[in-house]
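Every number for a ligand or one of its atoms is a count from 1 in the order of the listing. Only heavy atoms go into these numbers, but all of them, side chains included; no hydrogens, no water, no symmetry mates.
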Amino acid sequence: MKTKVLIIGAGPAGTIAGAILKKEGIDPIIIEKTKFPRFVIGESLLPKCMNVFEEAGLIDVIKKQGYQKKYGAEFKRGNETCRFNFSEKYTDGWDWTWQVPRDHFDKVLADEVEKKGVKIIYETSVIDIKFNGTNSITTIKDKNGNKSKIEAEFIIDASGYGRVIANLQDLNLPSSLNVRHSLFTQIKDVNRPAGDDGDRITLIDTKPGVWIWIIPFSNGNTSVGFVAHQEFYDKYKGSYEEQLRAMLTDEPLVSERFKDTEYVFKPHFIKGYSIAIKQLTGDGYVLTGNATEFLDPIFSSGVTFAVESGLQAAKLAAKQVKGEKVDWNEYVNHIIHGDETFRSYVDAWYNNTLQTIFFAPNENQKIKGQICSVLGGYVWDKTNPYVRNHKNALNTLANIIKKEA
Ligand SMILES: Cc1cc2nc3c(=O)[nH]c(=O)nc-3n(C[C@H](O)[C@H](O)[C@H](O)COP(=O)(O)OP(=O)(O)OC[C@H]3O[C@@H](n4cnc5c(N)ncnc54)[C@H](O)[C@@H]3O)c2cc1C
């Protein structure tokens, strides 16, 4: 087989890249290891995704699915609450998005991209790639063990946690963030509060370095998960389900809602989810989405990064295979800027700076709108001081709040 652009993985990064290449008049091939629908975590989107879905011609089909709309996010600590409404954000752009079961959502995207004429080969893994300049020969293996080769002029690696090129070329780096793990499931949310309170994503800061997500879906199920360090998990014994039930019982803000609820699937445990990378591009390839760097789920930024990077990578890849000159630093700088901005917010969450700001007795609406933009994924708007000076702006604000207290 021959193709101009080979895409590894049919998650959001891969399908967005496929749709954009098709729009640019290029016929890519996507190789996907699993059969869809397949489970993947990452259910809460950010409004910044929406213009990418629009540009890729996918927004209409997503709208038809009736997913739970997400208009903001709520953070809780004990009896304190901080609510962000994306309609109050500083940056122009979409002010809502969705909470989606990803098995369903990723299949909707992949099916639509196939309808647009992109070839997706399922149940087939990329197992080796040999580069010769920017050209490459990729070895793929189907579910029956049959191997074949694909010649490509360029590869977009959208393999997520598969990290195909990073593994083949030894590009993985340990994350500089502390090691944290996650235990989660979906429950039949029979005790969901009525109306907006029950539909909203809620992030609960329970104790230092431990937090819970609650992400309600329109199908009546709700995703519930803990993020914590090893010492926290060490306190709970038994199966993952027994541990999760005990953790939820111990947390007063959620114990009533989730008591005796049915689990949709056995809880999953992801150990040490953060990972970093030595480089984002090389001769003949670019890395996108989770195949690059993954920080932390606290701000639901993973899918937004996946689709934004898929979009930008595909645009440049299209130029390159058409023979135009491409400066891949454009891509690298764009992704690194977004990543560093979110990193400051992730750090500020785990060192309590953000909690000082979120749960301050007085709210400054202008500043709240600027921070709200970041939480909406608008991390490339450098007119926003809470993007431009991300780290310093948060520290300065927290210090002022502490002095006033
Ligand atoms: C605990 C936790 C909670 C999270 N919560 C959120 C959240 O609320 N919101 C959010 O936006 N993000 C969240 N994320 C992040 C989110 O999971 C990812 O950022 C997102 O799924 C990345 O999309 P992707 O397209 O890069 O990769 P994926 O969605 O992982 O897709 C990659 C695809 O590549 C395929 N593949 C892998 N290896 C190969 C191979 N060798 N050959 C062919 N195909 C291959 C896989 O089968 C898969 O289908 C969370 C992450 C964690 C760990």
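A salt bridge links Asp128 with Lys130: at least one charged nitrogen is closer than 4.0 Å to a carboxylate oxygen. By the 4.0 Å N-to-carboxylate-O rule, Glu43 lies too far from Arg102 to be salt-bridged with it. Using a cut-off of 4.0 Å between Lys/Arg side-chain N and Asp/Glu carboxylate O, Asp189 and Arg257 are scored as salt-bridged. Salt bridge absent: Glu123 and Arg38 never bring a charged side-chain N and a carboxylate O closer than 4.0 Å.
At the top of the distance list for atom 42 (N) of ligand 1, counting protein heavy atoms only, stands Val126 N, 3.0 Å. Of all protein heavy atoms, the one closest to atom 45 (C) of ligand 1 is Lys33 CB, 3.6 Å. The nearest protein atom to atom 23 (O) of ligand 1, hydrogens excluded, is given as Ala306 CB, 3.6 Å; this is a heavy-atom distance. Looking at atom 18 (C) of ligand 1, its nearest protein heavy atom turns out to be Asn290 OD1, 3.2 Å. Nearest protein heavy-atom neighbour of atom 25 (O) of ligand 1: Ala13 N, 3.0 Å. When hydrogens are left out, the protein atom nearest atom 4 (C) of ligand 1 is Pro297 CB, 3.4 Å; that is the closest non-hydrogen contact. When hydrogens are left out, the protein atom nearest atom 37 (C) of ligand 1 is Ser159 O, 3.2 Å; that is the closest non-hydrogen contact. The protein atom (non-hydrogen) at minimum distance from atom 27 (O) of ligand 1 is Gly160 CA, 3.4 Å.
When each of Tyr240, Phe269, Phe226, Tyr273 is tested with His181 by the rule ring pair (Phe, Tyr, Trp, His ring centres under 6.0 Å), just one qualifies, namely Phe269.
Every atom of ligand 1 is numbered from 1 in the order shown, and the set under 4.0 Å from a heavy atom of Ser182 is 1 (C). Atoms of ligand 1 lying under 4.0 Å from at least one heavy atom of Ala158, given by number and element, are 32 (C), 33 (C), 34 (O). The atoms of ligand 1 that sit less than 4.0 Å from any heavy atom of Gly289 are 26 (O). Every atom of ligand 1 with a heavy atom of Ile8 under 4.0 Å away is listed here by number and element: 42 (N), 43 (C). The atoms of ligand 1 that sit less than 4.0 Å from any heavy atom of Arg102 are 20 (C), 21 (O), 29 (O). The distance from ligand 1 to the heavy atoms of Gly162 drops below 4.0 Å at these ligand atoms: 37 (C), 38 (N). Each of the following atoms of ligand 1 lies closer than 4.0 Å to a heavy atom of Ser125: 42 (N). Per-residue contacts place Thr124 under 4.0 angstrom from the following atoms of ligand 1 (heavy atoms of the residue considered): 43 (C).
Contact annotation: Phe305 has no heavy atom less than 4.0 Å from any atom of ligand 1. The closest approach between a heavy atom of Arg38 and any atom of ligand 1 is below 4.0 Å. Using a 4.0 Å heavy-atom cutoff, Leu45 is absent from the residues neighbouring ligand 1. The closest approach between Ile140 and ligand 1 stays at or above 4.0 Å for every heavy atom of the residue.
Checked by distance only, ligand 1 and Thr288 stay at 3.5 Å or farther apart across all their nitrogen or oxygen atoms. Distances between N or O atoms of Gly302 and those of ligand 1 include at least one value under 3.5 Å. Considering backbone and side-chain atoms together, Ser44 places an N or O closer than 3.5 Å to an N or O of ligand 1.
A donor-acceptor contact closer than 3.5 angstrom is absent between the side chains of Gln65 and Trp98. Donor-acceptor pairing under 3.5 Å is lacking for the side chains of Tyr71 and Thr97. Counting only N and O atoms by type, the side chains of Trp213 and Ser44 include no donor and acceptor under 3.5 Å apart. A donor atom on one side chain and an acceptor atom on the other are not found under 3.5 Å apart for Asn333 and Asn329. The closest side-chain donor-acceptor pair between Thr353 and Gln355, if any, does not fall under 3.5 angstrom.
Within the cation-pi definition used here (under 6.0 Å to the ring centroid, within 45° of the axis), Lys207 does not qualify as a partner of Phe232.
When the heavy-atom distances from atom 49 (O) of ligand 1 to Glu32, Glu123, Lys271 are ranked, the shortest goes to Glu32. Considering Trp213, Phe294, Phe299 only, the shortest heavy-atom separation from atom 15 (C) of ligand 1 involves Phe294.
Between Trp349 and Phe358, the two ring planes are tilted [angle within 30° to 60°].
Evaluation of the ring-ring contact (aromatic ring centres under 6.0 Å, His included) test over residues 302-325, restricted to residues two or more places apart or in two chains, returns Phe305-Phe342, Phe305-Trp380.
Ring centroid separation for the pair Phe359 and Phe75 does not come in under the 6.0 Å cut-off.
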May I have the list of side-chain donor-acceptor pairs in residues 149-159 shorter than 3.5 Å, sequence neighbours left out?
from: Lys149; atom 1: NZ; to: Thr139; atom 2: OG1; distance (Å): 3.2
from: Glu153; atom 1: OE2; to: Lys4; atom 2: NZ; distance (Å): 3.3
from: Asp157; atom 1: OD1; to: Ser159; atom 2: N; distance (Å): 2.9
from: Asp157; atom 1: OD1; to: Ser159; atom 2: OG; distance (Å): 2.6
from: Asp157; atom 1: OD2; to: Ile165; atom 2: N; distance (Å): 2.8
from: Ser159; atom 1: OG; to: Arg163; atom 2: N; distance (Å): 3.2
from: Ser159; atom 1: OG; to: Val164; atom 2: N; distance (Å): 3.0

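Residue contacts with ligand 1 for Val164 involve side-chain atoms from C-beta outward but no N, CA, C or O (heavy atoms, distance under 4.0 Å).
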